[in-house]
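The next block holds one structure in the form of structure tokens; read it before the comments.
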Amino acid sequence: MSQRIVFEVLSSFNNPVTKYELTDKIEEEYPERSLSDYAGARLSVLVDKGAVLEEGKGGKATYQINPEYDVDDLGVLLTDFDRETSREELESHGIEVTNIVGNGTFSQTVDLQQLGAEVLNVEYEPETSPMAVWRPFEQNAATVLVPSSGRITIVGSKNRSEIQQAISEIYDRLPPYAEEITSKKQFIREFQITNIATSASLSRELELSEVALGIGLEETEYNPEQFPGIIYRPLPGVVTLVFRSGSVVITANSYSKVLDGWKALKDALKEIGVQINEENQME
């Protein structure tokens, strides 16, 4: 069931990867991981993103594609993730961007052994990870994850300029270790933002059990023995983590979805009578 849903969702968002291509890719890159393991992990991601609706838990859970989910599961294009809402607008609402994750196909293959041996600040430990970890900057927090397949992930950036700086460094340093390299123009055009982590504050403490009950147990997850915060998905593709201190983490794949999630959370809290200090925050 998990595999069928995963492949159906990938197909529904016009992903060219077929079931058989995906199977071969997993066996090549992660020989220790079965297709079922991968499908289960992907399914969890799709549920978090809102692309798949989950009913029930554990072995009794059933899944169906969310017909209202209209954003490609792979992410939002680099050219679009901050088009509708700017980082400055997020900051005016008290939202700080802490991590942007994106990926794109740089080449068909990368020689990780040679890369790890010759390039400064590259760590490659094949016994523990199938990817090389490259931290090319001292000031820019971006970290580049390089698999042998050449589909590169950039994590740790906090704005567009840091991502673009990392991409430029990739094209300056990695070509000697790769084959069938994608042009820089195409790489940038197809590079996708898959997750943006942000933080904000409600400027007050919360009684989380009351909040979870007030918003509704069907819309929230709260198990303090496993996780100290409420998991609330106010919109498809948006996840908010709400903590007793009033701190909030919001994740999505575009700035506009982050802002929509923040407003939806505050509206939900107001509806159940929670007073929020919105000084220095725009409405």
Side-chain angles (χ1 to χ4, degrees), residues 15-17 21-33 37-38 41-42 45 72-82 87 96-198 251 253-255:
N15 189 328
V17 178
E21 290 170 342
L22 186 59
T23 301
D24 293 340
K25 182 175 181 179
I26 295 165
E27 290 178 348
E28 176 184 349
E29 293 186 28
Y30 307 99
E32 76 289 348
R33 182 183 299 180
D37 291 339
Y38 179 88
R42 278 307 276 160
V45 172
D72 192 308
D73 171 62
L74 293 179
V76 173
L77 292 176
L78 176 62
T79 53
D80 294 337
F81 83 99
D82 56 357
R87 184 166 59 93
E96 178 185 0
V97 178
T98 58
N99 183 27
I100 301 175
V101 179
N103 56 56
T105 300
F106 169 73
S107 65
Q108 291 300 310
T109 62
V110 179
D111 186 337
L112 298 186
Q113 290 285 1
Q114 189 176 4
L115 176 68
E118 297 182 3
V119 176
L120 189 65
N121 297 324
V122 172
E123 300 174 11
Y124 179 51
E125 300 292 341
E127 297 82 6
T128 59
S129 173
M131 297 186 182
V133 179
W134 181 28
R135 298 178 176 87
F137 309 109
E138 291 185 4
Q139 302 301 325
N140 182 340
T143 296
V144 182
L145 307 180
V146 187
S148 61
S149 66
R151 184 163 180 82
I152 287 175
T153 299
I154 300 174
V155 303
S157 301
K158 295 185 179 181
N159 53 56
R160 177 190 288 270
S161 65
E162 291 187 353
I163 297 172
Q164 292 173 329
Q165 185 182 3
I167 290 173
S168 294
E169 194 72 7
I170 287 168
Y171 275 84
D172 285 344
R173 303 291 298 280
L174 294 191
Y177 309 97
E179 296 181 359
E180 299 183 53
I181 298 171
T182 304
S183 71
K184 186 174 182 180
K185 183 177 181 180
Q186 181 179 350
F187 183 82
I188 293 174
R189 184 173 65 245
E190 298 178 354
F191 191 89
Q192 293 184 317
I193 303 302
T194 55
N195 190 63
I196 301 169
T198 66
T251 66
N253 57 14
S254 71
Y255 284 172

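FYI, side chains are in, hydrogens and waters are out, and symmetry mates aren't considered; it's all heavy atoms of this structure.
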Using 0.5 Å steps for rounding, measure from the CD1 atom of Ile188 to the CG atom of Leu77.
12.5 Å

Are the charged groups of Arg160 and Asp82 less than 4.0 angstrom apart, N to O?
yes

Using ring pair (Phe, Tyr, Trp, His ring centres under 6.0 Å) as the criterion, list what pairs up with Phe137, not counting sequence neighbours.
none

Does Gln114 have more than 12 heavy atoms from other residues, nucleotides or ligands lying within 6.0 Å of its CD?
yes

Steps toward side-chain contact (heavy atoms from CB on, under 4.5 Å) verdict (Asn99, Asn195)
CA-CA 8 Å; Asn99 183 27; Asn195 190 63; 5.6 Å; no

So which heavy atom on Gln192 is nearest to which on Gly75, and how close?
NE2-O, 3.9 Å

Only distances under 3.5 Å count here; give the side-chain donor-acceptor pairs of residues 119-127 to other protein atoms, sequence neighbours excluded, each with its distance to 0.1 Å.
from: Glu123; atom 1: OE2; to: Arg135; atom 2: NH1; distance (Å): 3.3

For Gln165, what residues pass the side chain to side chain donor-acceptor pair (under 3.5 Å) criterion, not counting sequence neighbours?
Asn140

In chain order, what residues pass the ring pair (Phe, Tyr, Trp, His ring centres under 6.0 Å) check against Phe187, with sequence neighbours excluded?
Tyr171, Phe191

To the nearest 0.5 Å, atom OG of Ser107 lies from atom CG of Leu174 at 8.0 Å

On a heavy-atom basis, which atom in Gly150 and which in Val110 lie closest, and how many Å separate them?
CA-CG2, 3.9 Å

Is there a donor-acceptor contact under 3.5 Å from the side chain of Glu162 to the main chain of Lys158?
yes

Applying the side chain to side chain contact (heavy atoms under 4.5 Å, CB included) criterion to Thr194, which one of Asn253, Thr153, Asn103, Ile100 satisfies it?
Asn103

Can you tell me how far apart CD1 (Ile196) and OG (Ser254) are? Round to the nearest 0.5 Å.
6.0 Å

What residue among Ser148, Ser129, Pro130 forms side chain to side chain contact (heavy atoms under 4.5 Å, CB included) with Leu112?
Ser148

Taking only residues two or more places apart in sequence, or in another chain, which ones meet Thr105 in a side chain to side chain donor-acceptor pair (under 3.5 Å)?
Arg151

Ser168 meets the side chain to side chain donor-acceptor pair (under 3.5 Å) criterion, sequence neighbours left out, with Lys184

How long is the straight-line distance from CZ of Arg173 back to CD of Glu118, given to the nearest 0.5 Å?
10.5 Å

For the OG1 atom of Thr182 and the CZ atom of Arg189, what is their distance to the nearest 0.5 Å?
10.0 Å

Any donor-acceptor N/O pair, Ser157 side chain to Asn159 backbone, under 3.5 Å
no

Side chain to side chain contact (heavy atoms under 4.5 Å, CB included) partner of Trp134, chosen from Ile170, Leu145, Leu115, Ile154
Ile170

Within a strict 4.5 Å, meaning less than it, do heavy atoms of the Arg87 and Val97 side chains meet?
yes

